[in-house]
Each structure stands twice: as C-alpha cells, then as structure tokens.
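Residue numbering restarts at 1 for every chain, and letters A, B, ... go by the order of the sequence lines.
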There are 4 protein chains.
Amino acid sequence: MARSPNTEARRAEITQALLTVIARHGYEKATIQSIASQAGLAPGLIHYHFKNKQEILLSLIDMLAEVARSRFTRICDAAAAPGLRLDAYLEARLGRGEGAAPDAVAAWVMISAEAVRQEEVRAVYSQVIAQELAMVTELVVAALREQQRDTRGARTLAAGVLALMEGAFGLSSATTAVMPAGYAAKAAKDFAHMAIAAAPPARHAGR
Amino acid sequence: MARSPNTEARRAEITQALLTVIARHGYEKATIQSIASQAGLAPGLIHYHFKNKQEILLSLIDMLAEVARSRFTRICDAAAAPGLRLDAYLEARLGRGEGAAPDAVAAWVMISAEAVRQEEVRAVYSQVIAQELAMVTELVVAALREQQRDTRGARTLAAGVLALMEGAFGLSSATTAVMPAGYAAKAAKDFAHMAIAAAPPARHAGR
Amino acid sequence: MARSPNTEARRAEITQALLTVIARHGYEKATIQSIASQAGLAPGLIHYHFKNKQEILLSLIDMLAEVARSRFTRICDAAAAPGLRLDAYLEARLGRGEGAAPDAVAAWVMISAEAVRQEEVRAVYSQVIAQELAMVTELVVAALREQQRDTRGARTLAAGVLALMEGAFGLSSATTAVMPAGYAAKAAKDFAHMAIAAAPPARHAGR
Amino acid sequence: MARSPNTEARRAEITQALLTVIARHGYEKATIQSIASQAGLAPGLIHYHFKNKQEILLSLIDMLAEVARSRFTRICDAAAAPGLRLDAYLEARLGRGEGAAPDAVAAWVMISAEAVRQEEVRAVYSQVIAQELAMVTELVVAALREQQRDTRGARTLAAGVLALMEGAFGLSSATTAVMPAGYAAKAAKDFAHMAIAAAPPARHAGR
DNA sequence: AATGAATGAGTGTTCATTCAT
DNA sequence: GATGAATGAACACTCATTCAT
C-alpha cells in the first residue's frame with residue numbers, strides 16, 4: 001500500500017511541470033502531453049501518478065501554498081525586529097520587478113482564473129488566500145504592536161495590502177510596458193507604513 | 001428590396017453573450033455553441049458576424065474599455081469638487097461588495113488570464129489598463145492640485161491604487177468568504193487620502 | 001416565363017468567375033462566396049441564376065467546349081492548305097509556353113479531377129473530350145489525304161496527340177521548372193508529322 | 001514492459017487507405033473519417049500518426065514515387081537489351097487498358113489537381129515528375145546509344161512521351177468510352193521509335 | 001432581380017483518459 | 001512502474017443552400 005519511493009518524486013516533477021506549462025499556456029491548454037514532455041515522462045505515466053488533470057492542478061496549488069508558508073517562516077526567523085518583517089515580506093514578494101519568479105506568478109494568475117470557474121478549485125484557492133491573509137495580518141499586527149497601536153484594523157489593512165499584491169501579480173503577467181517600474185513594492189510599503197502610523201494608540205492592557 | 005444590414009446590433013448581442021458566458025466558464029470553455037445559445041442565435045451565425053472566436057474576445061475588451069471611459073466621463077461631469085471625484089470613482093468601482101456588476105468583473109478576470117497566454121490579447125488588454133491608469137492618474141492629480149501638493153508622485157500612486165482595484169476584482173471573483181466585507185473601497189480611499197496628505201507641497205509657479 | 005434580358009449575361013459572368021476561382025482553388029474550395037465576390041455580385045444572387053454549384057460547373061464545361069469549337073472553326077477558316085491546319089491547331093493549343101490562357105488550362109485540369117469523382121461531370125467531360133478527339137481526327141485525316149495516305153490510323157494517332165496535349169496541360173499547371181521549354185508543341189508536331197509520313201499509301205478510290 | 005512502436009506500419013496502412021479513398025472521392029472529400037474507416041481504425045488515431053491530413057497526402061506522393069522507382073529498377077534489371085527497356089517500361093505503364101492499377105492512376109490524377117492548388121504539394125509533385133522524366137530520359141538515351149544516334153534530343157523526346165503518359169492517365173480516369181482501345185501504349189511506342197529512328201547519327205567519339 | 005442574414009450539417013483537429021504490453 | 005498506442009467526444013470553423021425583405 002505504501003507508495004514506492006519514486007512516486008512522491010514523480011508527483012513533484014509532474015506538478016512542477018504543470019507550473020511551467022500553465023504559466024505559458026493556461027490550464028486548458030496545458031495538455032497532458034505537454035506536461036509529460038515538460039517533465040520528460042511518457043504521457044501514459046501521468047495518469048498513473050494522478051487520477052486526472054484536475055488533481056495535478058490541486059497539487060500545484062498545494063505546492064504554492066507550501067512555498068508561501070516556508071517563505072513566511074524564513075522571513076519571521078530572519079528579521080530580528082518585528083517591524084522590519086512586513087517590509088521584508090513585501091520586498092520579497094514585490095521587489096525586483098514585481099516577481100523574481102515570473103513563472104510562479106503567471107501560474108498563480110492562471111490558477112485564480114480557474115478558481116472563478118470551478119467550485120473545487122475555488123475552495124482550495126480560497127484557503128490559500130486565507131492563509132496568505134493570516135500571514136500578512138500577523139505581520140501587520142506585529143508592526144502595530146511595536147508602535148503600540150490598536151490592532152483592530154489590522155485585518156482590513158492586511159486585506160488591502162494583499163489585494164494590492166495580487167493585483168500587481170496579475171498586471172505584471174498580463175501587461176507589457178504599462179505600469180511604472182517598481183511601483184508595487186513602494187505602494188505596498190507606503191500604504192502599510194502610513195496606515196500603521198495613522199492607527200489609534202493601543203488600549204490599555206487592563207481592558 | 002435589399003435587406004438592411006444588422007451586423008452591428010448582432011455583433012453587440014454576441015459580444016454581450018460572450019461576457020455572460022466567459023464570466024461563468026472562462027474563455028476556453030466559452031464555446032461557440034454556448035455563446036450562440038446565450039444570444040439566442042444559430043451557431044453558424046456567429047462566424048458570419050465574427051471572423052473567429054478571438055475576434056469576439058477583442059470586441060468584448062473594446063466594449064469594457066468603452067464602459068470604463070463613459071463611467072469616467074460621467075463621474076467627472078457629476079462631482080463638482082475635483083477632490084470628490086477620486087472618491088466617487090473608487091466607490092463606483094469597489095463599493096457595494098466589490099462589484100455591482102459581478103459578471104463584468106469576472107469576465108475581466110478571465111480576460112486578464114487570456115492576456116497572459118496570448119500576445120494579441122495582451123496588447124489590447126495593456127491598452128485598456130493604460131487607459132485606466134491614465135484616468136486614475138488624472139483624478140489623483142486633480143486631488144493633489146486641490147490640496148496644492150506636488151503632483152510628481154501621482155502616477156506611481158495611481159498605479160498602486162489600480163493594482164489594489166484589480167486585485168480586489170480577482171479576489172472577489174475567485175474566493176468565497178475570505179476577504180473582510182467592504183475592505184477594498186476603504187483601503188483604496190485610505191491609501192489615496194493618506195498619500196495625498198503626505199505629498200510635499202507644490203513648488204512655486206515660478207519653478 | 002422568358003428569361004429577362006440580363007439573366008444570360010449574369011450566368012456568363014458567374015460562369016467566368018468560377019473559371020477564375022476554380023483555377024486557383026479547385027472546385028471544392030471555390031465557394032459560392034468567392035465566386036460571387038469574383039463576379040462582383042451578392043452571394044444570394046448566385047442561387048437565383050443557378051440551381052446549385054454543380055450547375056455552374058456544368059455551365060463552365062459547356063463554355064470551354066464552345067471555346068474549343070470556335071477555335072477549331074477559326075483555324076479551319078484561316079489556314080488555306082489543309083496540311084497546315086493541324087500545325088496551326090497544335091501551335092494554338094501548345095505554343096507559347098504551353099498555354100497562353102493559364103487560368104483556362106488550370107480550370108480544365110480541375111474539371112478533369114472532378115470528372116474522376118462525379119458521374120455527371122464525367123459524362124459531360126467525356127463529350128467534350130469526344131468533340132476534341134473528333135476535331136483532331138478531322139485535322140489528321142485532312143493531312144493524311146493531302147499526302148495521299150491511308151486514313152485508317154487517324155483516330156488512334158489523334159488520340160495519342162490529344163493525350164499528349166492533355167498531359168502537357170496538366171504538367172504545365174501542376175509542376176514548376178521541370179519540363180523543358182517548348183517541348184510540348186515540338187513533340188506533338190513531330191509525332192504527327194512522322195506518323196503521317198510513315199502511314200501507308202491510300203488505297204485506290206475504287207475499293 | 002514498454003509497448004513496441006508500430007507507427008511505421010500504421011502510417012503505411014493509413015497512406016494506403018488514402019490512396020483508395022482519394023481515387024474515388026478526391027482529396028477534399030477524402031475525409032479523415034473515411035480514411036480511418038477504410039483503414040479500419042478509429043478516427044482519432046489518424047492524427048496520432050500524422051500531424052494533419054496534408055501530411056498523409058505527402059506521404060502518399062512519397063509512396064507512389066517509391067513505387068515508380070522500384071518499377072524502373074525492376075525493368076532495368078530484367079530486360080537484357082537496352083533497346084527493349086523503353087518498350088517494357090511503356091508497356092508496364094500504359095499497356096493492358098491504360099493502367100493495371102486504376103486506383104493508383106486515379107489517385108495520381110487527383111494529386112496533380114491538388115498540386116495546382118497547393119504550393120507545398122506542387123513542390124513535391126514536381127520532384128516526382130522530375131524523377132519520372134529522368135527515368136524516361138535514361139531509357140531513351142540508352143535506346144539512342146544502341147542505334148548510335150545523337151542523344152541531345154533525348155530529354156525533349158522523353159518530356160513528350162511523359163506528357164503523353166500523364167495525359168493518358170487522366171483521360172482513362174476521367175472519361176468513359178471515348179478513347180480508342182490500346183491507343184496509348186501504341187502511340188507512345190510509335191512516337192519513341194520514330195523519333196529515335198529519325199535522330200541524327202552520333203558524333204564521333206573524338207568530338 | 002437583388003440583398004445579405006440565417007441555418008445546420010459536416011470537417012479537420014485536439015485531447016483527457018484508458019489500456020495492452 | 002512505464003510505455004505509447006488507441007478511443008471517442010468535443011471543438012472552432014466552413015459552406016451550400018434558403019429565405020425574409
């Protein structure tokens with residue numbers, strides 16, 4: 001019953017291949033053939049490791065969620081002061097031309113379009129967005145606490161920052177030569193800093 | 001004797017039908033059959049009025065760009081004070097649950113995914129985004145002028161606001177029960193107001 | 001009931017348009033649309049003047065047969081000596097680069113392919129070939145009589161010459177830069193002259 | 001473990017099926033369905049072995065060219081005296097009612113019509129005709145040498161003989177009960193013999 | 001006569017999925 | 001595990017023909 005050793009590796013290869021193909025051609029045009037040849041495998045093998053194409057997509061969403069989690073952990077571990085973590089996070093996601101990993105960004109945009117269409121994808125996608133929102137909220141809360149500010153607006157602020165990030169991803173993949181260089185990281189950081197500075201002071205601990 | 005042409009009306013009907021279908025099923029799954037039956041027409045007639053499916057998509061993008069332009073004109077004509085126009089614009093686009101026209105919003109998200117895949121769509125999509133950026137920039141500039149602030153940061157600020165808007169559209173179509181209610185309009189307005197308030201004073205006319 | 005004046009003219013225009021289109025695209029790809037636009041007419045008008053597409057093809061074959069007849073008559077009237085008529089005929093059909101009217105030649109090749117497929121076309125095509133064979137035979141007989149040779153081999157010889165002509169038409173339309181320049185007229189004339197010279201003397205009239 | 005490839009065999013089967021279908025219905029009407037059912041295969045399988053329909057046609061032309069080559073080789077090997085080879089060749093191609101293989105002949109006529117329409121087919125078709133011309137020329141040269149005649153007119157003569165052959169193919173497929181029985185083989189042989197006999201004597205070896 | 005929109009069957013091609021080897 | 005052939009449904013698109021005007 002236990003999966004033989006290379007199965008997990010094969011699944012990861014196939015999932016990674018889908019990321020590459022979906023970034024260029026979208027999900028519908030990401031044929032089993034093209035995924036297989038991107039992964040260097042025979043077409044028939046794909047359906048040995050995955051029940052169907054949809055399952056590869058769900059696996060890819062999982063993979064990207066896992067990447068997001070480890071990035072968050074890395075940033076939390078690295079940056080000493082809590083107030084710097086938010087900046088570090090935004091820089092990591094939006095700095096250097098809005099996406100140092102264009103394939104992953106484009107794949108993510110394609111996935112969000114699939115989430116509009118498909119109930120099942122939307123459910124999983126929503127969980128990843130919820131996770132991302134929780135992470136940004138945590139960073140915002142930490143920054144507010146450091147400034148001894150009220151944290152009740154943190155989630156709404158985080159939601160705005162997240163929307164800005166997602167929008168920047170979409171625009172970087174779907175447009176050419178339209179958006180000003182480096183606008184996204186700057187806008188996200190400015191927005192966060194100003195909102196934190198404008199937040200009311202924290203209530204007393206005794207409350 | 002001769003039949004009078006009705007092509008323009010038919011093209012508009014078909015384009016509108018694509019909007020409805022693409023919002024629910026995406027571009028690839030928006031079959032000619034489904035577009036035709038949504039429009040109440042025979043399938044073969046679609047290709048009498050449009051060279052191919054792609055051309056309907058480009059027509060839809062045109063239509064949405066035209067809608068954006070007329071909305072902008074309406075807002076500029078209505079709101080007396082320049083400083084109120086930006087708020088009116090953001091409210092119109094993001095207020096009332098992020099999208100009073102969910103089909104148009106979802107269709108727009110699907111179109112941006114197609115823009116990632118297809119050169120030709122990307123070119124047209126980029127022009128519409130450029131138009132939108134120009135409109136937001138104009139509103140931001142007006143607000144800055146009203147406050148006698150320097151306008152040099154207007155375009156970058158507008159880009160951030162636009163990204164936030166586009167991201168909010170995507171998230172509203174692709175997620176369920178994740179984002180806080182009403183966050184988008186509030187975040188966009190807060191961001192704009194704070195940034196305008198933080199802008200340096202305008203330089204003297206004498207330059 | 002009598003056809004109104006311009007109907008015959010319209011039918012001729014449409015038939016001529018088919019000749020042009022069929023030469024470039026073949027019969028199957030000669031769409032009613034393309035025939036109509038070649039003739040400068042509305043598509044719906046075609047089926048007013050012809051029952052269906054096939055009827056236009058039959059009309060075209062008729063037209064080409066008529067052209068062949070009038071060419072034959074012209075040559076018979078013009079060349080004084082009977083022996084020169086055959087040469088004049090071969091020169092008219094094969095001289096100057098195997099076909100001074102490439103469209104008509106190509107259309108004829110397309111028609112012969114349709115004759116392979118369709119019983120009805122084959123019947124009409126066969127009649128035109130029979131007419132052509134009769135004309136060549138008549139020219140050969142005249143040449144043999146002039147040389148006082150037996151005419152019994154005339155029909156077989158004419159058939160060979162006709163096959164050579166038809167083959168040359170096909171090769172001139174279907175190949176590029178393969179056949180030697182001017183070979184066809186030379187070969188046909190040589191063949192005819194040698195065969196006539198080699199024919200046995202005519203039997204006595206009394207027989 | 002792995003399945004052994006059978007693509008070459010399948011391609012040959014499909015190509016052969018096209019020959020049969022094209023002979024009766026022409027290229028346009030030779031639908032993928034009809035080719036598949038003639039070959040006893042599922043329709044989808046055709047496009048697994050061939051990129052598109054056109055590629056099957058090109059494969060068929062290749063096959064017919066290969067048949068022509070092997071026929072030529074066989075004749076050259078069999079007939080002892082060089083002078084007999086040309087007769088053997090013409091008899092093989094034109095004897096017994098102009099085509100012992102009527103399907104191949106009809107298919108060839110259809111292919112030549114496609115060559116008129118399509119650049120790519122014309123290029124390949126031209127090469128096959130060039131090959132055929134080279135073969136006939138070689139046979140004519142051998143016959144001229146045997147009679148110690150000048151060989152300079154060989155290519156032009158061969159072109160005439162080839163045109164006669166091609167014309168006879170077309171007429172045999174496209175007409176019924178028009179051409180005299182057995183005319184083609186007789187005409188081609190007579191033409192060749194008379195032209196060879198009429199050729200000037202060979203120049204001296206010393207040139 | 002003339003127009004041009006409308007119809008619907010048919011075509012080549014794609015592709016997820018299955019399966020024998 | 002792995003291969004690559006096989007299946008069949010679905011798609012965009014074409015087109016002769018019809019018909020209301």
Side-chain angles (χ1 to χ4, degrees), chain A residues 3-7 9-10 28-37 40-56, chain B residues 1-7 9-11 28-36 40-56, chain C residues 3-7 9-10 28-37 40-56, chain D residues 1-7 9-11 28-36 40-56:
Chain A
R3 274 200 186 97
S4 121
N6 84 345
T7 293
R10 280 277 186 258
E28 291 294 332
K29 296 281 189 187
T31 67
I32 296 289
Q33 279 282 349
S34 65
I35 298 167
S37 80
L41 301 174
L45 198 53
I46 304 292
H47 278 84
Y48 181 83
H49 293 290
F50 288 94
K51 195 182 71 193
N52 53 32
K53 200 179 143 183
Q54 178 92 336
E55 216 186 51
I56 317 178
Chain B
M1 268 189 188
R3 236 180 133 143
S4 71
N6 66 343
T7 297
R10 279 281 185 260
R11 283 176 65 98
E28 290 294 334
K29 296 281 189 189
T31 66
I32 296 291
Q33 273 285 349
S34 67
I35 298 168
L41 302 173
L45 194 53
I46 305 292
H47 282 91
Y48 180 78
H49 293 291
F50 287 93
K51 198 183 71 193
N52 54 33
K53 197 180 151 184
Q54 178 94 334
E55 214 186 49
I56 316 178
Chain C
R3 273 198 187 101
S4 119
N6 83 348
T7 292
R10 280 277 187 259
E28 292 295 331
K29 297 282 189 186
T31 68
I32 296 290
Q33 279 282 351
S34 65
I35 297 168
S37 80
L41 302 173
L45 198 52
I46 304 292
H47 278 85
Y48 181 82
H49 292 290
F50 287 93
K51 196 183 71 193
N52 54 31
K53 199 179 145 184
Q54 179 91 337
E55 216 187 50
I56 317 177
Chain D
M1 267 191 190
R3 233 178 136 148
S4 71
N6 67 342
T7 297
R10 279 280 184 259
R11 283 177 66 99
E28 290 294 333
K29 296 281 189 190
T31 67
I32 295 291
Q33 274 284 348
S34 67
I35 298 168
L41 303 173
L45 193 55
I46 305 291
H47 281 90
Y48 180 79
H49 293 291
F50 286 94
K51 199 183 71 193
N52 54 31
K53 194 179 151 184
Q54 177 94 334
E55 214 185 51
I56 317 178

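Nearest to the side chain of A/Asn52, among E/dT17, E/dT13, F/dT14, sits E/dT17. Checking E/dA2, E/dT13, E/dA16 against the side-chain heavy atoms of C/Arg10 singles out E/dA2 as nearest.
Residue C/Phe50 holds its CZ atom at 9.5 Å from CD1 of C/Ile35, rounded to the nearest 0.5 Å. Interatomic distance, D/Arg10 CZ to D/Leu45 CG, rounded to the nearest 0.5 Å: 6.0 Å.
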Protein N or O to nucleotides 7-9 of chain F N or O, pairs below 3.5 Å:
residue, atom, partner, partner atom, Å
F/dT7, OP2, D/Ala42, N, 3.4

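Between D/His47 and E/dT14 there is no side-chain polar atom (N or O) within less than 4.0 angstrom of OP1 or OP2. For F/dG1, neither phosphate oxygen OP1 nor OP2 lies less than 4.0 angstrom from any side-chain nitrogen or oxygen of A/His49.
Across the protein-nucleic acid pair, A/Glu55 atom CD and E/dT17 atom C1' stand 14 Å apart, rounded to whole Å. Spacing between atom CG of D/Asn6 and atom P of F/dT3 amounts to 17 Å, rounded to whole angstrom units. Remark: P of F/dG4 and CZ of D/Arg11 are 17 Å apart, rounded to the nearest angstrom. Taking atom CD of residue B/Glu28 and atom P of nucleotide F/dA12, one finds them 8 Å apart after rounding to whole Å.
Applying the side-chain contact (heavy atoms from CB on, under 4.5 Å) criterion to D/Thr7, with sequence neighbours excluded, gives D/Arg11, D/His49. Under the rule for a side-chain contact (heavy atoms from CB on, under 4.5 Å), the partners of D/Gln33 that lie at least two apart in sequence or sit in another chain are D/Thr31, D/Pro43. Scored by the side-chain contact (heavy atoms from CB on, under 4.5 Å) test, B/His47 finds B/Ile32 as partners (sequence neighbours excluded).
Using a 4.0 Å heavy-atom criterion, one finds that B/Ser4 contacts no nucleic acid atom at all.
Side-chain atoms of B/Lys53 come within 3.5 Å of backbone N or O of B/Ala30 as a donor-acceptor pair.
The residue among D/Thr7 and C/Lys51 whose nearest nucleotide of DNA chain F is located toward the 5' end is D/Thr7. Positionally, the nearest nucleotide of DNA chain E for D/Lys53 lies more toward the 5' end than for the other of D/Lys53 and A/Gln54.
The stretch residues 29-36 of chain B comes close to DNA chain F through B/Ala30, B/Thr31, B/Ile32, each having a heavy atom under 4.0 Å from the strand.
The shortest non-hydrogen separation linking B/Glu55 to B/Lys51 is OE1-N, 3.0 Å.
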Seminar exercise, completed: Read 5' to 3' with Watson-Crick or G-U pairs under 3.5 Å, [ ] for crossing pairs and | for partners on another strand, DNA chain E gives .||||||||||||||||||||

